[in-house]
Amino acid sequence: MGTSAVAVHKRLIELRETIGQYDFAYFVLDDPIVPDAEYDRLIRQLRDLEAGHPELVTADSPTQRVGSKPISKFSEVRHRVPMLSLDNALNEDELLEFDRRVRERLKASDMDVQEIEYVAEPKLDGTAVSLRYENGQLVLAATRGDGRSGEDVTHNVRTIPAVPLRLRGTAIPPVLEVRGEVFMPIAGFLAYNQRASETGEKPFVNPRNAAAGSLRQLDPTLAAQRPLDVFFYAVGDHEGWEQPRTHSDVLERLRELGLKTCPEWKKVDGILGCLAYYASIGSKRDDLPYEIDGVVYKVNDLVWQTALGFVSRAPRWAIAHKFPAQEELTVVRSIEFQVGRTGAITPVARLEPIFVGGVTVSNATLHNIDELTRKDVRVGDTVIVRRAGDVIPEVVKVVKEWRPAKARPVRFPKRCPVCKSEIVRVEGEAVSRCIGGLFCPAQRKEAIRHFSSRPAMDIEGLGSKLIDQLVEQQLADHPADLYLLTADQLEKLERMGSKSAKNLLEALEKSKATTFSRFLYALGIREVGEATALALANNFATLDQLMAATEERLQLVPDVGPIVASRIRAFFRESHNLEVIHQLLASGIDWPVKTLDKVVDSPMAGKTIVLTGTLSSMTRNQAKARLISLGANVTNSVSKTTDIVVVGKNPGSKSTKAAALGVTIWKEQDLLKAVDS
DNA sequence: CCGCCTCGAGGTCA
DNA sequence: CTCGAGGCGG
């Protein structure tokens, strides 16, 4: 070997650089600059050279896409910036409503708005990922998960040819997290299935699940054989990234960095522009090389996006406009009645399995009696089925002409199919409920299922079948009993060996460290979902305070009205619930008292504040509750002891008085800044 | 609700 | 090795 190490190193860098250029042209620009044979030749050269100099192999070399060995398990990744979901518009009216809300909100925050510029892009039917680049190197790839944390799938994402292992260009930010959609192009999907059928392997049912499944492989060599592709569409966490002014600029910047974006995205003007785009994408949907299930519109101006903000987990500045769901015909085999956590009785149609919207559907909910009566679904009926709102199968209507002569209307049960308690329907409500409460095993099961579910206490390894056994054998009557289970008890159950039992006990132990809002949600208080639980947790420092709160105090919390407030009071009045809570806390369930810390830390603590005028992002009462929870005193009249006066729109005389007394005056924005920190 | 992946249970066989 | 439960994601 006459070549010096320096020369080899230089050649390696050259090769990687050239291959990088070719990759960029091929994947991102979709405009190859060399024939495949030439590309392969360079890759072979690089491989040979690296083989002779293993010490010069770097992780971002194009030869290093497939890491050496399978990982042993997926680890959890916390998203520094949460991955949001989008609200859906299922028809034109909902879209118009979205546009109207956007414009009104912007006007309310004093923005000069006529017509909104949106960016429209197809909504890919794949699986969302977040990729983290540090100093231009791909260091982490994660699934969306629940939006707050997902799974580390770096080893698989690295194998996707269109994913750059290193960003290109000179202006590379030290930290850049990008969000995108991994999908399997239709051609790749068909080719893969063709080969699978030849080799006797199992074909994929649809491209979306194929893509999602590929990312969940432990062994990256398997993922590498799956024809995956990716489009990027947003930035998450970042350092040293100069945020552009618009979303379209973001997309262009991503592309310059070597991150592939969907070629179909387009700036459009106002709602008419959105609708025109929708129609045009719709007409070429079947010719696109990948599956899409709708169109996404985003307010292009990033300042406006910030002004619009978020509601719960979805941005107010974007919406997904879905294509109408595909529909198919099938036959109703039977109609059953299920009992939910609150005793709600839900009729479910068991169907002759039918392939619709990419999956085989064999069940469809009929929601409640009214729905069942209105649609008049009978056993033996031929029905139109579709998958509504993404996933849930739905009976659209009955084909009455094809009804068998013997078909009779379904009789709604008078007694609970599980515990035989009476079924009652509260005046004015759509649902009928089994009044058995926790006497009803179905409701006990559901309470435990809800308690251990992912967004609640997130107890891994506690599935439905296991909960059924625990309740039926009276090993657990309510959630608190879970923490008393022993390995001996568990191992006697079906499909529970010592390994599973140990895993479950560990998961239970792990779940004890939780958050206030998860715990509240897990309790299963009627009308208290994730969002309300979070709002409550943010507005009460401790569980004791919440349990002692009057309905009036509860209603100061955003999104809590008289009904929710009374449900919460009723829950905490029930002695049985108090016992369960007591037992749960005694078993060691705990959460960080972050609100208390905040009270101490908050710049609001101890300040006397007066609110005047109309606020746009919340009501005055909500602002008041928030401030109180941060330790401030909120009073009604301005005096010289007042620290801050927050002035909304159309303020009263308090504003002038404050100015006269020289009291600090804040606009709504100042308030938001102070309470958000 | 369904498809895909992984893992453990429990059987079979060496 | 096969079966099925459970986790995950849309």
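Throughout, protein chains are lettered first and strands after them, A, B, ... in sequence-line order, and every chain is numbered starting at 1. Values below: all heavy atoms of this structure, side chains included; hydrogens, waters and symmetry mates excluded.
Using modelled atom types, one finds no donor on one side chain facing an acceptor on the other under 3.5 Å when comparing A:Thr159 with A:Arg65.
Checking C:dG10, C:dG6, C:dG9 against every side-chain atom of A:Leu466, the shortest atom distance belongs to C:dG6. The side chain of A:Gln217 has B:dT6 as its nearest neighbour among C:dG10, B:dT6, B:dC2. Considering only the side chain of A:Val361, B:dC2 comes nearest among C:dG6, C:dC8, B:dC2. Of the candidates B:dG8, C:dG9, B:dT6, the closest approach to any side-chain atom of A:Arg495 belongs to B:dG8. For A:Lys499, counting side-chain heavy atoms from C-beta on, the closest listed nucleotide (B:dC7, B:dC1, B:dA9) is B:dA9. Picking from C:dG10, B:dG3, C:dG6 the nucleotide with the shortest atom distance to the side chain of A:Val359 gives B:dG3. Taking only side-chain atoms of A:Arg216, from C-beta outward, the nucleotide of B:dC5, C:dA5, C:dG10 with the closest atom is B:dC5. Comparing C:dA5, B:dC4, B:dC2 against the side chain of A:Ser362 picks out B:dC2 as the nearest. In the set C:dC8, B:dC5, C:dG10, the nucleotide with an atom closest to the side chain of A:Arg226 is B:dC5. The listed nucleotides are B:dG8, B:dG3, C:dG10; the one nearest the side chain of A:Asn503 is B:dG8.
As judged by a 4.0 angstrom heavy-atom cut-off over every strand, A:Ile467 is placed among residues making no nucleic acid contact. Residue contacts shown for A:Ser72 are limited to sugar-phosphate atoms, with no base heavy atom under 4.0 Å away. A:Gly150 comes within 4.0 angstrom of no nucleic acid atom, judged by non-hydrogen atoms across all strands.
The shortest heavy-atom contact between A:Ala480 and A:Leu584 is CA-CD2, 3.5 Å. For A:Asp477 against A:Arg444, the heavy-atom pair with the smallest separation is O-CD, 3.0 Å. Of all heavy-atom pairs spanning A:Pro417 and A:Phe337, the tightest one is CG-O, 3.6 Å.
Between A:Ser500 and B:dA9 there is a side-chain polar atom (N or O) within less than 4.0 angstrom of OP1 or OP2.
Note: CG (A:Leu351) to P (B:dC2) measures 9 Å, nearest angstrom.
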